[in-house]
Amino acid sequence: MFCSLFLPLTTWSFHSGTSLKPDSAYLFAYASLNDGGRAGLHFAWSTDKQIWHAIGPDHGFLRCDYGRWGAQKRMLRPFVYRDANGMWHCVWSVNEEDNVLAHAQSEDLVKWQRQSYTEMIQDGNCLDPIVYKDASGNTTIGWRTEKEGKIQYYKTATSDFKTYSKAAVIDTLPTHREEIYIGNKREIGSINKVAWGEIDALLNAQALAAYKYTLWSEQTKDDHQRFASLDSLKADIHVQTGDPRKISDLLMGVFFEDINYAADGGLYAELVQNRGFEYRPSDKEGKDETWNHQTAWKVQGKGSLHIDSVSPIHPNNKFYAVLDLPSVGAGLQNKGFDGISIKQGATYLCSFFARALNGIKTGVEIRLVGDDGTVYGSTIIKGIAGNWKQYQDKIVANTSAVSATLEVKPLKAGTYAFDLISLFPESTFKNRKNGLRADLAQAIADMRPRFVRFPGGCVAHGDGLENMYRWKNTIGPLEERVPQRNLWGYHQSAGLGYFEYFQFCEDIGAEPLPVVPAAVPCQNSGTGGAGQQGGIPMEDMDEYIQEIFDLIEYANGDKNSIWGKKRAAAGHPEPFNLKYIGIGNEDLITDVFEERFRLIFAAMKKRYPAITVIGTVGPSADGTDYREGWELADALEIPMVDEHYYQSPGWFIHNQDYYDRYDRSKSKVYLGEYAAHLPGRPNNLETALAEALYLTSLERNGDVVHMASYAPLLAKEGHTQWNPDLIYFNNEEVKPTVGYYVQQLYGQHSGDTYFSSDIVLSESKPAVSKRFGVSAVKEEKSGDLILKIVNLLPTEVQTNIDFGDNIVLDEEATKITLKGDPTDLKCQPVEIGEQVSNKFKVAISPYSFTVYRIKTKMGVGS
Ligand code: AHR
């Protein structure tokens, strides 16, 4: 590295205060060569272009959103340019293959606006883009393509960085990036001369981010140091029962997504895996040789199996199995999802479609067997003949078994076609046909969710346009539903579809909250190239909007309406009374998204003004999509928006005022996905208490936050793509987490009136006060007063609780406590009766969540 001994040309002057600051400096913009661009845009400054100072070496001021999660989201060779109006533009390559130019702009280099990825040429990559003025003064972007060693240079002109002239071949690029050293690290990037104030702003932004990071990284494992001097603590809590405030009665709900085998093999009670022979290698993008039409099936005995698609039962169910048996005794076997769990004395409904292909009419024996061939139950279905027909019967299990196998054995030699071979426990949740696994559904119902969001998450908008969750594909007879790839790397049979979701909501007294794509796929799509935020073509948008209207008619229309009739045919002539619909799931707020969202929103407002449309404000609690999503919500006056954030416990502790700051006159909030994440992603008492603490702030802000749902909900052991989740399960057991109990306690003890509380702690340091939270609500229906106290401190808190004189309380209260070591993965709430009065004392355990439910003798706060 060369260090200059000469004074730089920059002028230095005194500014207010005492520090000596230059008037201007050089700003170097780059993406680190070491991390493949994943940390995004970095800056360094220098007064002399010799000695460079990194602005927080790892701080990413702008990260690329292109491509799949993780490794695919890269910013390569950013070039930063300021236009004549002072607007900053950053262009970059997204990878070494794609033909797109990425762009974002910013007024101050700190807050960046939405990104665009424009296809610049038909074929070839778009490397090392630079921005310059051509000889006529036009803003021009040049880049290099490189294919099989052949290099070509291109240029395009633009006036707004939205539309670009047709790319033209040029001899070479007129300017290039610079190479500098930061310490001894070589970096390549672009240099601009800027006023010192701009560098100051970057330094401040980075310093603030670093400060926040330290707060948000706080974990209980360091509490012995953090609270070394805190040996006793007192709290006076005065609940203002004379000052009631209406809050949402829908706050606590659940988020259901088919992730972690939550649907097939999970909540959907079907026991046969790949019942329709529709698994395809493409479900796993061809990466798993064992995943195909025959997955989970095998032939037992002498015979052969192949898959055919000629004359299927229905075109939506393209594939079926053909079993060729030279002699009697062989059959098809299915091991279910990690084995079939059966219970002694329970009845199982078996069914299948079949055809006898060579005209030999036969019976078929259906058996449940153990690995050693022991028969656990069987039946014979007779009369299998020439054309597709559905056959069904029941089997009663003579024993309980963890891992039984289903066998389908024709009683005569011949060639037989089978499809949709199904086995359901007769006893599903509320005994619904094609129903849900009773224990899992019950665990959800026990949370008393006021709404159920479905079908996702990312599953809702899918991996590329072709993979969007289209509700019409998931209703009607099972053989007519359209199965598809699940973007979490498996298969969706669509057996659990829109009808079943609506039915489940009704069964548990929850509002249905379907989320449909905003005509764009998931921002993390890996298919479709630059189309990862490509949308349904504008000329098809009317049809797409009609599809959403049809959904409303399916849910709410008269039983004689076109779509209401289909609901009635499924067994539900009465409407489902749908009131809410989500349009989009944490989409990037791009031009493509906005154009489509505006259309859908306007159409919905006109046609179904009574339905609350829930918009989306991106995948995080801040940043471009959050900001621009809210700007759109303000402009359109969207009734409610869906916020998502997965954060550290420290974030939740230090952001309890997040909604206190919200403007009450703006859109309401549905906090559709949230969870506290620790390194290693456990769901333990620490994460659960951070969520419990934050939930006190959601109740406090229940006038703004109308709905909230932890995500994700379900995870099957051994098939988990995402941790933590709320409920883990296997075929035999349901395993609620500590976080589940927090959600359950809030769900079972929520209210619709809020009373603020004054808390005076004997130690007022924010580190202490932010870890002690209180929420008091009243449940109008029962008249009960509910007090929740969260203590995320390692110290017991001696508490004086004062409800004032506005109420008369029953002395006998129910007290429920969840407590333990922060690392505890298994603690459960303990309920006792306890004597209370309008003023009472109680010691609140370290690391605990306490709920008091107290009957009132007369109306409270009315
Ligand atoms: O909850 C898991 C995933 O997190 C959801 O599918 C998606 O919306 C979010 O990114």
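Heavy-atom basis, side chains included; hydrogens, waters and symmetry copies ignored. Residues take their numbers from the sequence shown, with the count starting at 1. All ligand and atom numbering here is 1-based and tracks the order in the structure.
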Validate the cation-pi geometry between Arg681 and Trp722: distance from NZ or CZ to the six-membered ring centre under 6.0 Å, angle to the ring axis within 45°.
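Relative to the ring axis of Trp722, which defines the angle, Arg681 lies inside both limits.
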With a cut-off of 4.0 Å, which atoms of ligand 1 are near a heavy atom of [X]?
X      : answer
Trp722 : 2 (C), 3 (C), 4 (O)
Trp488 : 6 (O)
Asn585 : 8 (O)
Cys458 : 5 (C), 6 (O), 7 (C), 8 (O)
Pro712 : 1 (O), 2 (C)
Tyr646 : 1 (O), 2 (C), 4 (O)
Gly457 : 5 (C), 6 (O), 8 (O)
Glu586 : 7 (C), 8 (O), 9 (C), 10 (O)

Does [X] pair with [Y] as a salt bridge, N-O distance under 4.0 Å?
X      : Y      : value
Lys826 : Asp824 : no
Arg68  : Glu285 : yes
Asp249 : Arg450 : no

Does the side chain of Asp283 come under 3.5 Å of the side chain of Asn486 through a donor N or O and an acceptor N or O?
no
Side chains of Asp446 and Gln744, donor plus acceptor under 3.5 Å
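Looking only at side-chain atoms, Gln744 and Asp446 do not form any donor-acceptor pair under 3.5 Å.
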of all protein heavy atoms, closest to atom 9 (C) of ligand 1 is Glu673 OE1, 2.9 Å
Can you report which non-hydrogen protein atom sits closest to atom 6 (O) of ligand 1, along with the distance?
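Nearest protein contact, heavy atoms only, for atom 6 (O) of ligand 1 is Glu257 OE1, 2.6 Å.
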Please work out which of the three classes, parallel, tilted or perpendicular, describes the rings of Trp488 and Trp69, given edges at 30° and 60°.
parallel
